[in-house]
Amino acid sequence: MKTLFALFLILCSSYGISQNNLKEKLAEVFNEDRVNSILEDAEEKKYYNNLVFHSFHLEKVEGNKIQKGGFTKITTLELLNNDGTLTAITAQELVESINDNTFNILRLKLPRDFKNANFYLLGTTNHVLKIKSHTFLTKLQKK
């Protein structure tokens, strides 16, 4: 019984952390009224949760796969600030922010294809960033 209760507490606390994390990510891009509006609407909240936490993937790849992959190479990227200005970051800074969980996909100014994922080689880091398609996000929304 104690084990079930402990599991319940862990699940509840992780949900609360996820909720706060989403709110923080939204607040980096939207004003407070918009953030609250998103969080109060279950479908919109689910969409943004999927967008923020499930719409990209970072993978370290070997040199021979990089040569065969035909990835678009980018060395600097732009992040949107909540005041509308842009901040330039290096590919290495992007990798670091993803690895330390401070990255926010909502701020990244890279195109998202409707049907297909986009793959970007991040400078000389040997990391590939996969931006998942709108179609993938739509499938997540239906789950």
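We number each residue from 1, following the sequence as shown. Please read these numbers as outputs of a predicted model, since none were measured by experiment.
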How close do Thr125 and His127 get, heavy atom to heavy atom, and via which atoms? O-ND1, 3.0 Å
Does any N or O in the side chain of Asn104 come within less than 3.5 Å of the main-chain N or O of Lys25, such that one atom is a donor and the other an acceptor? yes
If you take all heavy atoms of Ile105 and Val52, which pair is closest and at what distance? CG2-CA, 3.6 Å
Heavy atoms only: give me the nearest Lys132-Ala117 pair and the separation to one decimal. CA-CB, 4.3 Å
Within a strict 4.5 Å, meaning less than it, do heavy atoms of the Thr72 and Leu121 side chains meet? no
Using 30° and 60° as the class limits, which term best fits the ring planes of Phe119 and Phe71: parallel, tilted or perpendicular? tilted
A side-chain contact here means heavy atoms from C-beta on lying under 4.5 Å apart; do Ile98 and His57 qualify? no
Nearest atoms (heavy-atom pairs only) where Ser133 meets Phe114: CB-O, 3.5 Å
Rounded to the nearest 0.5 angstrom, the CG-CG distance for Asn50 and Leu137 is 6.5 Å
Approximate separation, where rounding is to 0.5 Å, of Ile74 CD1 and Thr90 OG1: 11.0 Å
Given the rule in the side chain to side chain contact (heavy atoms under 4.5 Å, CB included) test, do Leu58 and Leu122 qualify, once you have shown the distances and angles that lead to the verdict? CA-CA 10 Å; Leu58 181 69; Leu122 300 176; 3.7 Å; yes
Asp83 side-chain N/O to Thr85 backbone N/O, donor-acceptor pair under 3.5 Å: yes
So, taking the atom named CD in Glu32 and the one named OG in Ser37, what distance separates them when rounded to the nearest 0.5 Å? 12.5 Å
Do you know which two heavy atoms are closest between Ile131 and Pro111, and how far apart they sit? CG2-O, 4.2 Å
Quick check: does any side chain N or O of Thr138 sit under 3.5 Å from a backbone N or O of His134, one acting as donor and the other as acceptor? yes
Would a distance-only check, ignoring hydrogens and angles, find a side-chain to backbone donor-acceptor pair under 3.5 Å from Lys46 to Gln141? yes
Enter the distance from Tyr48:OH to Asp41:CG here, rounded to the nearest 0.5 Å. 10.5 Å
Kindly indicate, with the supporting measurements, whether the criterion side chain to side chain contact (heavy atoms under 4.5 Å, CB included) is fulfilled by Lys23 and Leu39. CA-CA 8 Å; Lys23 185 175 183 175; Leu39 294 176; 3.8 Å; yes
Expected output: side-chain Asn49 to main-chain Lys45 donor-acceptor under 3.5 Å: no
Distance check, rounded to the nearest 0.5 Å: Phe56 atom CZ versus Leu110 atom CG? 12.0 Å
Side chains of Leu108 and Leu129, heavy atoms from C-beta outward: is any pair under 4.5 Å? yes
Test log, rule side chain to side chain contact (heavy atoms under 4.5 Å, CB included), inputs Glu24 and Asn21: CA-CA 5 Å; Glu24 290 169 10; Asn21 206 358; 4.0 Å; yes
Going by atom types only, do Asn118 and Arg112 share a side-chain donor-acceptor pair under 3.5 Å? no
Could you list who else is in Leu86's hydrophobic cluster, with ILVMFWY side chains joined at under 4.5 Å, directly or through other members? Leu80
What is the minimum heavy-atom distance between Glu93 and Ile89, and which atoms define it? OE1-CA, 3.2 Å
Step-by-step side chain to side chain contact (heavy atoms under 4.5 Å, CB included) determination, Lys109 to Leu77: CA-CA 7 Å; Lys109 300 304 289 179; Leu77 302 103; over 6 Å; no
